[in-house]
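The structure under discussion appears below in the form of structure tokens.
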Amino acid sequence: MSYLSATDMRGGYGKADILNGCTLTVDKGQIAVIVGPNGAGKSTAMKAVFGMLSLREGAVTLGGQDITGLTPQERVHRGMGFVPQTHNIFPTMTVEENLQMGAFIRKDDFRDTIQQVYDLFPAVADKRRQNAGELSGGQRQQVAVGRALMTKPSLLMLDEPTAGVSPIVMDELFDRIIEVARTGISILMVEQNARQALEIADIGYVLVQGANRYTDTGKALMADPEVRRTFLGG
Amino acid sequence: MDILNALVALLNFVLIPAAAYGAQLALGALGVTLIYGILRFSNFAHGDTMAFGTALVILVTWGLQALGISLGPLPTALLALPIGIALCSGFVLGTDRVVYRFYRKKRSEPIILVMASVGVMFIMNGLTRLVIGVDEIRFDDGARFLVTVQQFRAWSGLTEGLALRVSQVLTLVVTALACWALFRFLNHSRAGKAMRAYSDNEDLALLSGIDPERVVRLTWIIATALAVTAGTLYGLDKSFKAFNYFQILLPIFAASIVGGLGNPLGAVAGGFIVAFSEVAITYPWKKVAGYLGIESDGLLQLLSTEYKFAVSFVILIVVLLFRPTGLFRGKSV
Amino acid sequence: EEIKMGISLGLTGPLESIAPNIQKGAELAMKEVSDSGKLLGGSTVVPVAADNTCVDAAASVAAVERLVTAEGVKGIMGGMCSGETIASLERVGVPNGVVMISPSATSPALSTIDDKGFFFRTAPSDARQGEVMADIVLEKGIKSVAITYTNNDYGKGLADSFAKSYTEKGGAVTISAAHDDGKGDYSAEVAALAAAGGDALVVAGYADQGGSGVIQGALDTGAFSTFVLPDGMVNQALVDKFGDQLDTSFGQNPSAEGEGHDKFVELAKAAGFDATSAYSGEAYDAAALMLLAMEAAKTSDPKVYKDKVMEVANAPGEKIYPGELAKGLELLAAGQDIDYVGATAVELVEPGENAGVYREVDFKGGTLNVVGYR
Amino acid sequence: MSNTRQAEATSRWRALIVFAAIAVLFVLEGTTRNAMFSGSWNTALAILNMGLISAVMALGVNMQWGYAGLFNAGVVGFIALGALGPVLVATAPVEGAWAAGGLRVIAALVVGFGTLAMAAQVWAGVARGWRVPALIATLIVGFVAYRWLFDPAVMAIEANNAASAGNIGGLGWPVLLSWPVGAAFAGAAAWGVGKVALGLRSDYLAIATLGIGEIIIAVLRNEEWLARGVKNMSGIPRPVPYELELQGDPAFVAKAASFGMDAATASGIWVKLLYAGLFGAVLLLVILLAELALKSPWGRMMRAIRDNETAASAMGKNVTGRHLQIFVIGSAVIGLGGAMMVTMDGLLSPGGFNPLRYTFLIWVMVIVGGSGNNWGAVLGAVLVWFLWIKAEVWGPALMHLITLPLPEGGLRSQLLGGAPHMRFIAMGLVLLLVLRFAPRGLVPEK
Amino acid sequence: MIQVHDLHRHFGGFRAVDGASLTIETGSITGLIGPNGAGKSTLFNVIAGVLPPTSGRVIMDGEDITGLPPHQLFHKGLLRTFQLAHEFSSMTVRENLMMVPGAQTGETLWNTWFQRARIRNEERALRQKADEVLDFLTISHVADEKAGNLSGGQKKLLELGRTMMVDAKIVFLDEVGAGVNRTLLGTIGDAIVRLNRERGYTFCVIEHDMDFIGRLCDPVIVMAAGKVLAEGPAAHIMENEAVIEAYLGTGLKNKVVETTTGDTA
Ligand SMILES: Nc1ncnc2c1ncn2[C@@H]1O[C@H](COP(=O)(O)OP(=O)(O)OP(=O)(O)O)[C@@H](O)[C@H]1O
Ligand SMILES: Nc1ncnc2c1ncn2[C@@H]1O[C@H](COP(=O)(O)OP(=O)(O)OP(=O)(O)O)[C@@H](O)[C@H]1O
Ligand SMILES: [Mg+2]
Ligand SMILES: [Mg+2]
């Protein structure tokens, strides 16, 4: 049994279903990457896993326990961390406060972790007293990822963490994600910078119209010319 | 030339009353600004929360007085205040549970919440009158003055007198404390930061493990405490009359806006701006000028008091023209 | 017959705190008549109250419309504020032919309105009171005053007429500043009044509204110690509030010479309300007048009894005081004339408003003392 | 987790159902007599008429808020300006007033506005360093000139027959003509206000307009020469016959009798029906124009601006210009409502212009009706007004119901004594109930 | 087409744009790259009139356009997209597009009452045009959806779509690619090239996807810390040591090589 397993999810925003039997699983310490065209339901799937969308069908288990009925908040306490695709910072709080909020449920001393985040994103460190709403697009993204890292989750879910960040930061970010995964944390992420992402992925999902089209290791997907042409930009 | 007399006249008639009034507005505005900052709507029921809370405080005060308990020179109402706050918070949390929560869950636009608060306002309005009636009530006991006009004249030998009431000093002190405490709380405590986070981005706050309902409850309790305190001080200083508390809502809104919505410092600054523009601009300078050796037939009054409300609004508008989101850069949705 | 009588007052709104005692005054008269069993051979009187909010003409019209067309009242004690009264009179009272007697609407506009004989008021005219007050002030040797008035037609009208008559007679007005009722803070007004100065402060307002707020501020800051108080201010509540701080103050209000007022106070006390509250006596008189006029006309039809109102109110005839409505009814039934005096020395002059006898009062020793009539 | 919801497909039906429900309420009010309803067509129609006027005002607010997201909290001020229309146009001239100082007042006003215009020119045209001194100099010179012209003229006018006139008087023209004039007054003021204040956003604009509303009311209450201030202006002529005339007309009496009605009742009903016809016609015209505009690219543009000003302006829409346009038009419609209202009241009573009743209640109407939707605003207005009036009866009735099981005694009589205040509680309860069951308004925007 | 002279934009004490001077040639597709926070978006916002500059001038076709409001620039043919999507969220996707063209008859109040027929015809044409654009962007299935309900990438596409609704002279694209599927981004790139060739649009493109920049842009301008760091043809720029250090990083260089070889394969 995988650490996270979301099986056969169906549901949407009221009217027609967006998810049509989508299944996602991640093992401990694994990196899972979801790719797919725009509007395929990737973000929706992430929200569903996180309990922000009620499912009509399907189940989500974490560490063997069924969490389908839990609220997002309870899932946070179970060790899930999430960076949404948009609106992922607190705009009128400073960068530092944003990071502190990431550690809201932690009772221990998290100053080390903040320092680690600053080391990872030096550009953001310079702005720690500035309101996050005043940052550039890429800087916001870095703060958002930093906030999630602060939680020290056991499952980290990232919805397009690299959108808008510069190549050098993207590389750093992927390096860091590998590092994080090596400490036993499971990673589930959506990526449009798909080639780079699949390169580090243990498992890759190609989602189309709310259903799994291809599921394989990252390398295998990269090697499939059909997948490359239709989903990865050649 | 008689600078001292001029100064005392100004102090007695302009500075002290305006400062006390400003502080009362500021306390009210703190509550409004807090609700706006965190729950993101202008709470029309705030004035009536003040009235309702004060009515409860008065009832408790009467009870204490009947039991023979007093605070010596300070008004007994101060002793009743915590109880009043507790009771009123209970009621307000009830309204949140019954009314506002529904719209919050539905993610209704702020204007809908504003309208719901108008509904709550009507209800509290009626309840206050049922509980305590419509008459003017005075409930200040203890000493009324720190310094009376006669005492001051005897002491200083000036023609002008100076009066300082206990309630005025009390208001100023309490406002300063409340503002400081609120500022510290919001910016430095965990719960305060959680409140700001919630106000910034509700979903993300949820994702960070913040319990939104707790934040909301806390906000209501603090706002109610501020409202009841403001209402009680206002009632001690003037007198309690249910109708007046709706009227004071407009200057309170004005104060919180001109200072910058969602900003406690702004609320306080706004309160003083409104109060001083009302009192100072319509002040006839004749007497003061007389002390300074400038005799005049006219009153030297810029505008008559009929326009005091209008003047304070003109000043607000001018401030907003140069600082579109208030003096202290408030929120805007 | 069960006769319904309307009471239209601002039970909610800015004057909500004086409305209840006005209502009670009117109901007292109605109950008295009803209990006597002497009206039109044993008719009972049922009061029906409506809330006209005092400030909202449309709401007032709707309320009075309801009284008239739905409840079928035979007369209305009301309205309370002038604007609202004009609207409800023009749009409901006159078109439907219902008598309205207002205890408190004092606007001169109501004197000239085309009321087809359906409108009366037991309230005194502002113009007359201004003159009386000017005389009293001058007799006290006070040569300069500051005026503050409640910013409505009553306050403004009274302040204007006082100022006119006072200056004509040689006094000086240093400032005439309005205050709004229902605002708690009067620092600005007090500051302005104090800066302008004067030997006394004329407060043309209401005792439990802004008027007392201004007095409070003036006393606290030592701006004034003598206050001149017209009808809206002269009542027990003010005395209770300020006690001997009003030692040098004085004033006047319309009241019958001798027994009328005192009797009403007694009656009210027995009924459990404060009769010195503004316009409570006027309300009693307004209600009594309508009922007496019915008896005089031998019908409760307002189109008929409207012509009798002036008759019962004025001489000749036996004087009728509060508590003597039964006697009045008897006399009328017997075809005799009466001269209703009531609680406020009712003497109606054309076009149907109270001429007003004023009693002069002072507040020496922290009590309300009558010192004379004029 | 979305905050934009799909419109209910049923919304056209919804409007009809709500409309029917309100119609039923009015019919009940007209025919049934019990603790809830008065059973008098006269009251029903009186409520309806003011409801129609409120609907016009609500439409104005809806244009500003619903179409453009402008938070105008100074509604009462624009109503008051509109109400000036009939006073200055339709009332009879005051003898001697114009001679006393009419021209001088006009000259003063011209100088006053000229000064403001000049000040704006100076601010825009003069180089930075000199700007402030030049502005202040202009203002001072202008103000002195203005007061020099204005004060004596006003004194003279107010002294002219002070007890029953003391104002400048009207022109004696037909009252219907004064409606567009009232609208124009409000629109013109809105233009000035808009020029200054429309740079502000949401609640900041609200408080600025709230202030402007208060200023307008303060002027109206205190400038006696204009409309007698707090002394009230009565005797505004009517566009419909007087009830007493009808009652004196044998033909009418006979006709009434043939319906089995007495003349007084019939005349009341007939007059109110005539008013209802007039108001209804104006209302329908305003709605027609508004709907045509809203269903066009113009409406789409306004919605875009309301949604996202930055983007709209990047897409070439002149946000400031459009805001000013809609602010002026909306205010003019509000003013039109004000003019209609004083025409029906026959009275201008500035003491009664308080924001609770004339600003916030109108807002309640718009939001309860469903902002952005014209029919919603209209239905909201009529319904809320109905409730506002009926709460006067329902409140105390509710109290009697509540106290029924209580034993005779102190508490009960205390509660019954407070019965009038149940008006507010009843109003609040009904408002909350409506909002609960129609959280986006009775007829939400599609 | 556009010349920027010594432009400054400061926020408090912070110099987001700190003396940038650059030229965008008519008919070019100019790339603008640089690390996060370099001041690219701020520069765009100043040029497009959203933010007033602290100092400096912007010239368009010889005319000084510094500080002109955005809507006037739009009518001069300057269009832009936003980095964070600025859709009209409560309008449908189609309406989002149809509102774009300027000078519509139906945008004048008077005409909405008296020119109904003309408006109807214009609307029909607009609708057709909007549907074509939606088709091209592969989002025609959500044409009647509220724009606020779109996915992140779809919003980005809508941003781009708006610039396709009218004839523009110059289009500023702020990271249209972020969050857009790479296959689709390829198509978009083709469209940009086509618009540039066939209709003579000038483009200025901010993008962090170096493939995209490399394929489309000539020249490429690199910004860092509010200043122009380097300028030149894409290939050159990617070899530039300073650019690699500040922006590209070494790790990527290998990858770019690897994937480009993959491409050719
Ligand atoms: N309103 C503001 N107040 C203060 N600083 C700001 C403000 N807006 C932007 N900045 C700062 O200006 C700098 C430039 O921001 P800009 O958005 O132009 O960067 P960018 O080059 O577009 O970056 P990215 O690639 O991440 O989008 C950033 O460091 C940012 O923090
Ligand atoms: N709040 C919502 N209400 C209604 N429909 C929605 C909502 N959010 C998304 N959708 C629809 O659901 C579909 C899937 O959206 P989702 O955000 O999951 O896509 P995605 O795969 O994350 O795309 P992208 O790569 O562009 O982010 C889209 O067609 C979108 O229009
Ligand atoms: Mg997505
Ligand atoms: Mg950017």
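In what follows, every chain begins at residue 1, and chains take the letters A, B, ... in the order their sequences are listed.
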Between E/E175, E/H141, E/K156, E/K155, which residue shows the highest count of heavy-atom pairs closer than 4.5 Å to chain A? E/E175
Checking E/L185 against chain A: side chain, backbone, both or neither under 4.5 Å from a heavy atom? neither
So which residue, E/V142, E/T187, E/V180, ends up with the most heavy-atom pairs under 4.5 Å with chain A? E/V180
Tell me, for E/E245 versus chain A, whether the close heavy atoms (under 4.5 Å) come from the side chain, the backbone, both or neither. backbone
So which of A/E134, A/E172, A/E191, A/K127 has the largest heavy-atom pair count under 4.5 angstrom toward chain E? A/K127
Heavy-atom pairs under 4.5 Å with chain A are the metric here; pick the option from E/G186, E/G153, E/G39, E/A85 that has the most. E/G153
Distance-only, no hydrogens or angles: does the E/N181 side chain make a donor-acceptor pair with backbone N or O of A/G39 under 3.5 Å? no
Out of curiosity, A/N38 CG to E/L150 CG, how far, rounded to the nearest 0.5 Å? 10.0 Å
Region of A/V169 that comes under 4.5 Å of a non-hydrogen atom in chain E: side chain
Check whether any side-chain N or O of A/S136 sits under 3.5 Å from a backbone N or O of E/N36 as a donor-acceptor pair, and report yes or no. no
Report, as yes or no, whether the 6.0 Å neighbourhood of atom CD on A/Q209 holds more than 12 heavy atoms from other residues, nucleotides or ligands. no
What option among A/E160, A/Q139, A/R140 has the most heavy-atom pairs under 4.5 Å with chain E? A/Q139
Has the side chain of E/H208 got a donor or acceptor atom that lies under 3.5 Å from a matching backbone atom of A/G164? yes
Might you confirm whether atom CZ of A/R56 has over 12 heavy atoms from other residues, nucleotides or ligands at distances under 6.0 Å? yes
Using non-hydrogen atoms and a 4.5 Å limit, figure out which bit of E/F11 sits close to chain A: side chain, backbone, both or neither. neither
Taking the side chain from E/D209 and the backbone from A/N193, do they hold a donor-acceptor pair closer than 3.5 Å? no
With a 4.5 angstrom heavy-atom cut-off, which part of E/L157 approaches chain A: side chain, backbone, both or neither? side chain
Only pairs of heavy atoms separated by less than 4.5 Å count here; which of E/G12, E/A178, E/G179 has the most with chain A? E/G179
Taking all non-hydrogen atoms of both residues, which atom of A/I168 and which atom of E/A246 are closest, and how far apart? CG2-O, 4.2 Å
